[in-house]
Asker: 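Quick one: the structure is below, and I'll ask about it shortly.
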2 protein chains.
Amino acid sequence: MKKTNSDVTIYDLAEELNVSPSTVSRALNNNKGIGKKTKNAVKKLAKKRGYRPNKLASSLRTNKSNTIGIMVSWINRPFISTLISGIENAAKEAGYQVIITQTQDKLDIEIENLQTLFESRISALIVSLSMETKKYNHFSLLTDNHIPIVYVDRIPALKDIHKVHIDNFKAAFEATEHLIEQGCERIAHFGGSRLQLIYEDRRTGYISALTKHNYEVDESIIMEANNLSAEEGFRLTEFVLNLDHPPDGIFCANDTAAVSAIRFAKSKGIAIPDELAIMGFNNDPICEIVEPQLSSVRHPALQMGEKAVEQVLRILEGPEESVVSNGVTLDTRVIVRSSTDRG
Amino acid sequence: MKKTNSDVTIYDLAEELNVSPSTVSRALNNNKGIGKKTKNAVKKLAKKRGYRPNKLASSLRTNKSNTIGIMVSWINRPFISTLISGIENAAKEAGYQVIITQTQDKLDIEIENLQTLFESRISALIVSLSMETKKYNHFSLLTDNHIPIVYVDRIPALKDIHKVHIDNFKAAFEATEHLIEQGCERIAHFGGSRLQLIYEDRRTGYISALTKHNYEVDESIIMEANNLSAEEGFRLTEFVLNLDHPPDGIFCANDTAAVSAIRFAKSKGIAIPDELAIMGFNNDPICEIVEPQLSSVRHPALQMGEKAVEQVLRILEGPEESVVSNGVTLDTRVIVRSSTDRG
DNA sequence: AAATTAGTTGCAATCGATTGCGTTTTATTA
DNA sequence: TAATAAAACGCAATCGATTGCAACTAATTT
């Protein structure tokens, strides 16, 4: 069979140039100890022969795979896929590649994936927790073996971890306050699982805003959803609207369920935002499509991915002392649209 | 430093059990040539010590990375991210991992990524072409080196390649025919770059339906868009509606631009679907959100990912003769919603 | 009991790149 | 010119798992 590019190794180059493989390796890596002429000759031949270094061999020897593992709940969600897009961009820029796994929001899959990623010798992991994750000891598989982890978005409730996230408390506070400013007098909250810090924080941010403005905090209109799916959004909306004292505002912890709230309310002939103002979270593309357009909290997904990679690089390649940094908090912004704008 | 799990190798196990590393390796791989007692002892100790095989070493030796490379335009698009989700699921099932790269629809990035993926020794590549790709010779880097490629969705105009796709001609034909059945008398088409087979096929499918029903094929309302973005959707809609003979139907090659068409038309007070019927393509989630809801062509993204992995496995692991199969065509279906339903 | 067979296990090379250390060659200084 | 320093390069081990072949032990046959 014809000899193909992938068969070209440093040994082949070495032989053809009558130098040692060491020299070839050093020349290609711009090692200072190699003469200019040799260096050029090696590089020239490498190009000519279509030589491509074997990353597997290199990784094995150096014990660095230059691979970043990603673990998320589902790839096909607007926020997540944008996050991943940001990670891939930044990683490629830095010469890293990216292995993706999804947990489907299941803890056991999360654990399994962790094993696989570990066996793949990833250099670092960027992870957003599954909905079911409440304990974090399974991550020790990586940390015990000195593989850094950067948590993004759905982060654990732990100190001294590397993380990139938003201030969910503040974002929720502002979102709720916006509803209050628009004159809402009774504001419901559709939150996610309180096991997840992000949802807990949104909940407390919401409560804090109510308290600040002397609103009653009524647990009967504070819902804890399982997954904030479209279906659940319908169900929850129906539920709160059927209460004796239905809310005139909803702060929903994601856009998917918020859109369902809009659609349900509309189907019941309820005027939005005047009778019911609705605020989402994430600023997914659908916010601008649904009618009325959905107010939401802008969540810098792409940037979050980039920052996560930055953290990874700092830990992996930066000076020792830079590693103490244990968190980046990104800005959010309430985007006001028709679903809450009573102006 | 304390010895951590990742430091455990077959040599450590071998030493502790007073057997050779070969025996350990064979035992762990269930090689028939190893006695039952030894096999069990090895496995037991491996578990006890938290042994994890080093995939890099294994891959280097066997020349199989068990990694599937993915190359797509953008990860953060509904269709693509769902496709990837399907690939990841099926790949994990089969014991493969997945490396992701995005081309941002640029040919030069596509070429670069190909190099990187090649150097990573991927076992196979699943790719959807960038918008700019019209020649395919850069893929020879992989094929020359016997790395199989399965093309999905945006496939090259070539014979004898492995591919998973839909019948774009038929889908477009049916979509257009549906518009005709709804009484549209003048149907515009917003297509993508004709360099891409999928868009060319949708175009010819559209034309063919027109022809079958004795409609005039008017090039002035057959648009070739650059990227079918939301902005472009607006622009194109504005353009055709300002013509002397504006269309009363639009068949758009994606949903993003179709939604823009809806929004633009509505803003001009044009009744949908009665004055203007609009048909999209892909059946993205926004189809159900926009008002009126958007008719579209359902595109089995998840399944496409799974089938692509199936093809990969067939090529990589199946018997020689099964490899001749050079294409899977998946079913599409026109989903009728309010944007075209004049019933 | 000797001979044959089957069943287990070890030896050592291999995958391709990297790297500490030693050696050779060239340049510099006395 | 001899001695010293510097520059360039090679040797050989290494990363961890796999595998063809040989060797050894135990079981079976005659």
Side-chain angles (χ1 to χ4, degrees), chain A residues 3-43 45-46 49-67 95 118-121 123 145-146, chain B residues 3-43 45-46 49-67 95 118-121 123 145-146:
Chain A
K3 182 145 189 169
T4 55
N5 296 334
S6 67
D7 294 326
V8 179
T9 70
I10 54 171
Y11 295 94
D12 299 321
L13 301 180
E15 190 176 17
E16 192 162 346
L17 290 172
N18 282 315
V19 295
S20 75
S22 334
T23 301
V24 173
S25 172
R26 291 192 175 100
L28 293 172
N29 289 316
N30 270 321
N31 186 302
K32 50 221 125 202
I34 299 294
K36 250 191 167 178
K37 314 139 265 171
T38 352
K39 203 174 272 187
N40 287 133
V42 169
K43 287 182 179 175
L45 183 66
R49 290 272 167 280
Y51 167 78
R52 297 276 148 204
N54 187 322
K55 280 192 187 171
L56 294 173
S58 170
S59 295
L60 176 60
R61 176 61 227 254
T62 62
N63 205 26
K64 290 174 185 303
S65 68
N66 276 37
T67 298
F118 173 62
E119 289 175 26
S120 301
R121 260 56 184 180
S123 299
N145 289 296
H146 316 104
Chain B
K3 184 144 190 170
T4 55
N5 295 335
S6 66
D7 294 325
V8 179
T9 71
I10 54 171
Y11 295 94
D12 299 321
L13 301 180
E15 191 176 16
E16 192 164 344
L17 289 171
N18 282 317
V19 296
S20 76
S22 337
T23 302
V24 174
S25 172
R26 293 192 175 99
L28 293 172
N29 289 318
N30 270 321
N31 186 304
K32 49 221 124 202
I34 298 294
K36 251 193 167 177
K37 314 140 265 170
T38 349
K39 203 173 272 187
N40 287 134
V42 169
K43 287 182 178 174
L45 183 65
R49 291 271 167 280
Y51 167 78
R52 298 275 149 204
N54 187 324
K55 279 191 186 170
L56 294 173
S58 169
S59 295
L60 174 61
R61 177 59 226 256
T62 61
N63 205 25
K64 290 174 185 303
S65 68
N66 275 39
T67 297
F118 173 62
E119 289 175 25
S120 301
R121 260 56 186 179
S123 300
N145 290 296
H146 315 104

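Per chain, numbering begins at 1; letters A, B, ... match sequence-line order. Keep in mind that what you see is a predicted model, and the values were worked out from it rather than measured.
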Asker: Can you give me the closest heavy-atom contact between B:E119 and A:R52, atom names plus distance?
Answerer: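 The pair with the smallest heavy-atom distance is OE2-NH1, 3.1 Å.
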Asker: Calculate the interatomic distance between A:L56 atom CG and D:dA17 atom P; express it in whole Å.
Answerer: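 Distance check: A:L56 CG to D:dA17 P gives 14 Å.
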Asker: Side chains of B:S20 and B:T23: donor-acceptor distance under 3.5 Å anywhere?
Answerer: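 Note: B:S20 and B:T23 side chains meet the donor-acceptor criterion.
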Asker: Roughly, in whole Å, what's the span from NZ in A:K39 to C1' in D:dA7?
Answerer: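 Taking NZ of A:K39 and C1' of D:dA7, I get 12 Å after rounding.
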Asker: Would you name the heavy atoms of A:L56 and B:S59 that are closest together and state the gap between them?
Answerer: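 Minimum heavy-atom separation between A:L56 and B:S59: CD1-CB, 3.6 Å.
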Asker: Return the value, rounded to whole Å, for the distance between atom CG of B:L60 and atom P of D:dT14.
Answerer: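 The answer, rounded to whole Å, is 17 Å.
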Asker: In whole angstrom, give the distance that lies between atom NZ of A:K64 and atom C1' of C:dT18.
Answerer: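 In whole Å, C:dT18 C1' and A:K64 NZ are 13 Å from each other.
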Asker: Report the nucleotide, chosen from D:dC9, D:dT18, C:dG16, that has the shortest atom-to-atom distance to any side-chain atom of A:T23.
Answerer: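 Within the option list, the nearest is D:dC9.
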Asker: For B:V19, which contact category applies under a 4.0 Å heavy-atom criterion: base, sugar-phosphate, or nothing?
Answerer: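 The residue B:V19 makes sugar-phosphate contact but no base contact.
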Asker: Can you work out whether B:N54 or A:I34 has the more 5'-proximal nearest nucleotide on DNA chain D?
Answerer: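 Its nearest nucleotide being more 5', the pick is A:I34.
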Asker: Whole angstroms only, please: what is the CG-P distance between B:N145 and C:dG16?
Answerer: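 It works out to 12 Å between those atoms.
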Asker: Please determine whether any donor N or O and acceptor N or O are separated by less than 3.5 Å between the side chain of A:R26 and the base of C:dG20.
Answerer: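 Side chain to base: pair found, below 3.5 Å.
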Asker: If I take atom NZ from residue A:K55 and atom OG1 from residue A:T62, how far apart are they, to the nearest 0.5 angstrom?
Answerer: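 So the NZ of A:K55 and the OG1 of A:T62 are separated by 11.5 Å.
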Asker: Counting any heavy atom closer than 4.0 Å, what does B:G33 reach on the DNA or RNA strands: base, sugar-phosphate only, or nothing?
Answerer: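 Base contact.
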Asker: Examine distances only and state if a side-chain atom of A:T67 and a backbone atom of A:S123 form a donor-acceptor pair shorter than 3.5 Å.
Answerer: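 No: the side chain of A:T67 does not pair with the backbone of A:S123.
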Asker: Mind checking if A:T38 touches a base, just sugar-phosphate, or nothing, with heavy atoms under 4.0 Å?
Answerer: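 It contacts sugar-phosphate atoms only.
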Asker: Return the nearest nucleotide to the side chain of A:Y51; candidates are D:dT19, C:dT8, C:dA17.
Answerer: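 In terms of side-chain proximity for A:Y51, the closest of D:dT19, C:dT8, C:dA17 is C:dA17.
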Asker: Output the rounded distance in Å from NZ (A:K55) to P (D:dG16).
Answerer: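 Taking NZ of A:K55 and P of D:dG16, I get 21 Å after rounding.
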Asker: Given atom CG of A:L13 and atom P of C:dG16, what is their separation to the nearest angstrom?
Answerer: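 A:L13 atom CG is separated from C:dG16 atom P by 12 Å.
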Asker: Of the nucleotides D:dT19, C:dG16, D:dG16, which has the atom closest to the A:T9 side chain?
Answerer: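 Taking heavy atoms from C-beta onward, the closest nucleotide is C:dG16.
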Asker: Under 4.0 angstrom, heavy atoms only, what part of the nucleic acid is A:S58 near: base, sugar-phosphate, or nothing?
Answerer: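 It contacts sugar-phosphate atoms only.
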Asker: Between B:N18 (CG) and C:dC11 (P), how many Å, whole number?
Answerer: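 The distance from CG of B:N18 to P of C:dC11 comes to 12 Å, rounded to the nearest Å.
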Asker: Could you work out which one of D:dG10, C:dT18, D:dT19 sits closest to the side chain of B:R61?
Answerer: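 In terms of side-chain proximity for B:R61, the closest of D:dG10, C:dT18, D:dT19 is D:dT19.
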Asker: What is the nucleic acid contact for A:N31, judged by heavy atoms within less than 4.0 Å: base, sugar-phosphate only, or nothing?
Answerer: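 No contact.
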Asker: What does A:T62 touch in the nucleic acid at a heavy-atom separation under 4.0 angstrom: a base, only the sugar-phosphate, or nothing?
Answerer: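 Here A:T62 touches the backbone only, sparing every base.
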Asker: For DNA chain C, whose closest nucleotide is more 5', that of A:A57 or that of A:S22?
Answerer: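 Whichever sits nearer the 5' end wins; that is A:A57.
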